Chemist: 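Below is a structure I'd like to ask you about.
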Amino acid sequence: MNLSILIPLLNEEESLQELYTWIIKVMQSNNYSYEIIFVDDGSTDNSWNIIESFSKENPNVKGIRFMKNFGKSQALHAGFAKAQGDVIITMDADLQDSPDEIPGLYEMITAQKFDLVSGWKKKRYDSVVAKNLPSKLFNWAARKTSGVELNDFNCGLKAYKNTVVKNIEVSGEMHRYIPVLAKNAGFNKIGEKVVIHQARKYGETKFGMDRFINGFLDLITIWFLSRFGKRPMHLFGAIGSLMFIIGFLSAGYIGVSKLYHMYNGMKYNLVTSNPWFFIALTTMILGTQLFLAGFLGEIILRTKSNEARYKVAREVNF
């Protein structure tokens, strides 16, 4: 199978028919073998009924319905697990991503041998203050932190080799950083393609300003996980040990200094009246706690269970 088109959605009943017709037109004009996977992330409108109607008239249309809204990352994870195409294309259901970009993205994966190609909405139709400026700041921080040179990390229109989506773990709100996850998994040929950004035709955006705050917090998380996710003891153990040694040596110096003054008949103060003693003691305690945090992290990594992060209510055509 050439293509899997993966579309996570939430309450997009108005745009689904137009999007579906557009995708089918592109598939037929290029003679692709394909599947379209709609992942309904707990919609409360008529979206699922529309998806079921598509699946009845076209066996290439498949659907997954969550029991409630679990988030875009979980929707992508569920779709990636089911995708069978050689190339997987992800796109949003709000018609802001153009299906006409699919052939170009497919060619970059198959002919130019990219592992992953991310869309770049160079010209946007969003609010400058509410979305464009925060997006630029967010993308700059993501580039500097991750080392992945992309201009638009959050673009929903992306193309992947099948092996990429089968070897990355998308959870929480990490869909923004799939290129970083792919790089951390060993897929280094990551490209970018300028794509058309269309103004929203129906409904309202499902994301507010809070996504940028959450995005920066997730950026810190992925920075940590990419460096110490498999070895937390290397960070917490090292810092904890260093702090304990500094505190221990400082407390030892204070104690030896008092004994020296006592032995030579010099004036001396009680150890407990020296504020540096309590600073050294606190440093030792904090060092011990950090060391234990690293140790517990190692135990958790080795005993954690892979509990499902979402619940599927229904599936069609799988």
Side-chain angles (χ1 to χ4, degrees), residues 1-103 105-106 109-110 156-171 175 178 202-203 206 306 308-318:
M1 183 184 296
N2 299 133
L3 279 165
S4 294
I5 312 298
L6 174 55
I7 305 170
L9 63 108
L10 174 64
N11 296 333
E12 298 287 358
E13 62 178 356
E14 294 173 301
S15 62
L16 284 177
Q17 181 63 59
E18 186 175 340
L19 176 64
Y20 169 69
T21 304
W22 195 351
I23 292 174
I24 295 299
K25 180 182 176 183
V26 173
M27 296 297 103
Q28 292 176 345
S29 63
N30 290 274
N31 294 316
Y32 292 135
S33 58
Y34 69 94
E35 63 179 358
I36 304 173
I37 303 174
F38 290 98
V39 184
D40 183 354
D41 186 20
S43 294
T44 55
D45 63 2
N46 201 40
S47 294
W48 180 250
N49 292 331
I50 295 172
I51 293 168
E52 283 192 316
S53 69
F54 294 158
S55 68
K56 290 175 182 177
E57 68 180 55
N58 185 348
N60 295 319
V61 176
K62 304 175 182 181
I64 301 171
R65 187 183 192 187
F66 285 174
M67 294 184 71
K68 66 171 189 175
N69 177 233
F70 286 98
K72 187 174 182 179
S73 291
Q74 281 57 246
L76 288 173
H77 184 275
F80 286 158
K82 296 287 188 178
Q84 298 177 0
D86 297 328
V87 176
I88 290 84
I89 305 283
T90 59
M91 62 191 311
D92 294 333
D94 55 12
L95 293 174
Q96 290 191 286
D97 296 333
S98 170
D100 288 335
E101 301 287 353
I102 291 174
L105 292 167
Y106 179 78
I109 296 292
T110 56
L157 188 57
K158 291 182 172 67
Y160 312 82
K161 280 184 180 177
N162 186 285
T163 53
V164 173
V165 303
K166 301 301 184 183
N167 286 282
I168 59 175
E169 189 77 12
V170 188
S171 61
H175 59 272
I178 291 180
Y202 304 107
K206 308 300 187 298
N306 294 317
R309 298 181 298 273
Y310 50 84
K311 303 294 182 183
V312 175
R314 291 194 64 186
E315 293 183 354
V316 292
N317 282 349
F318 284 107

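FYI, the numbering just counts along the sequence from 1. The structure presented is a predicted model; accordingly, all values stated were derived computationally and were not measured.
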Chemist: To the closest 0.5 Å, what do you measure between OG1 (T163) and CD1 (I168)?
Modeler: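 Answer rounded to 0.5 Å: 10.0 Å.
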Chemist: Relative to each other, are the rings of F54 and F38 parallel, tilted or perpendicular (30° and 60° limits)?
Modeler: tilted
Chemist: For a side-chain contact (heavy atoms from CB on, under 4.5 Å) check, start with the C-alpha distance between I64 and F318, then their side-chain angles and the critical distance, and finish with the verdict.
Modeler: CA-CA 9 Å; I64 301 171; F318 284 107; 3.5 Å; yes
Chemist: Check whether the side chains of D86 and N162 place a donor and an acceptor atom closer than 3.5 Å, and report yes or no.
Modeler: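 Judged by distance alone, the side chains do not pair up.
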Chemist: Can you tell me how far apart CG (D94) and CG (L19) are? Round to the nearest 0.5 Å.
Modeler: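 Nearest 0.5 Å value for the CG-CG distance: 9.0 Å.
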Chemist: Looking at side-chain heavy atoms only, is the closest gap between V165 and L6 below 4.5 Å?
Modeler: no
Chemist: How many angstroms lie between atom CD of E101 and atom CG of L157, to the nearest 0.5 angstrom?
Modeler: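 Reported to 0.5 Å precision, the distance equals 6.5 Å.
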Chemist: Could you check whether any side-chain heavy atom of M27 comes within less than 4.5 Å of a side-chain heavy atom of N60, counting everything from C-beta outward?
Modeler: no
Chemist: Could you walk me through whether Y34 and N2 pass side-chain contact (heavy atoms from CB on, under 4.5 Å), step by step?
Modeler: CA-CA 6 Å; Y34 69 94; N2 299 133; over 6 Å; no
Chemist: State, yes or no, whether a side-chain contact exists between N69 and T44 at a heavy-atom distance under 4.5 Å.
Modeler: no
Chemist: Around atom CE of M1, are there more than 12 heavy atoms of other residues, nucleotides or ligands at under 6.0 Å?
Modeler: yes
Chemist: Do E52 and W48 get their side chains close enough for a donor-acceptor pair, meaning under 3.5 Å?
Modeler: yes
Chemist: May I ask you to decide if S55's main-chain N or O and N317's side chain share a donor-acceptor pair within less than 3.5 Å?
Modeler: yes
Chemist: For Y160 and V87, run side-chain contact (heavy atoms from CB on, under 4.5 Å): C-alpha distance rounded to whole Å, both residues' side-chain angles, the deciding distance at 0.1 Å, then the answer.
Modeler: CA-CA 6 Å; Y160 312 82; V87 176; over 6 Å; no
Chemist: Check whether any side-chain heavy atom of Y20 lies under 4.5 Å from a side-chain heavy atom of I51, and answer yes or no.
Modeler: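 They are not in contact (no side-chain heavy atoms under 4.5 Å apart), so the answer is no.
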Chemist: Going by side-chain contact (heavy atoms from CB on, under 4.5 Å), K72 matches just one of V39, D92, T90. Which one?
Modeler: D92
Chemist: So, taking the atom named CG in D45 and the one named CG in L9, what distance separates them when rounded to the nearest 0.5 Å?
Modeler: 8.5 Å
Chemist: Might you confirm whether atom NZ of K56 has over 12 heavy atoms from other residues, nucleotides or ligands at distances under 6.0 Å?
Modeler: no
Chemist: Under 4.0 Å between a side-chain nitrogen and a carboxylate oxygen: does that hold for E315 and K82?
Modeler: yes
Chemist: Could you pull out the closest heavy-atom pair between D41 and G71, with the gap in Å?
Modeler: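 Between these two residues, the closest heavy atoms are OD2-N, 2.9 Å.
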Chemist: Is it the case that the side chain of S4 and the backbone of E35 share a donor-acceptor pair, with hydrogens and angles ignored and the cut-off at 3.5 Å?
Modeler: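 No, S4 side chain to E35 backbone: no donor-acceptor pair under 3.5 Å.
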Chemist: How close do E13 and S47 get, counting heavy atoms only, and between which atoms?
Modeler: N-OG, 3.3 Å
Chemist: Just verifying a value: how many Å separate L16 CG and S43 OG, rounded to the nearest 0.5 Å?
Modeler: 8.0 Å
Chemist: Under 4.5 Å between any side-chain heavy atoms of F80 and I178, yes or no?
Modeler: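 The answer is yes; the side chains approach within 4.5 Å.
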Chemist: Determine the minimum heavy-atom distance between I89 and A159, stating which atoms define it.
Modeler: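 The answer is CD1-CB, 3.5 Å.
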Chemist: Identify the heavy atoms of A93 and S15 that sit nearest to each other, and give their distance.
Modeler: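 For A93 and S15, the tightest heavy-atom pair comes out as O-OG, 2.6 Å.
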Chemist: To the nearest 0.5 Å, what is the distance between CD (Q96) and CE (M91)?
Modeler: 11.0 Å
Chemist: Answer with yes or no whether the side chains of S53 and E57 bring together a donor and an acceptor at under 3.5 Å.
Modeler: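 Absent: no donor and acceptor within the cut-off.
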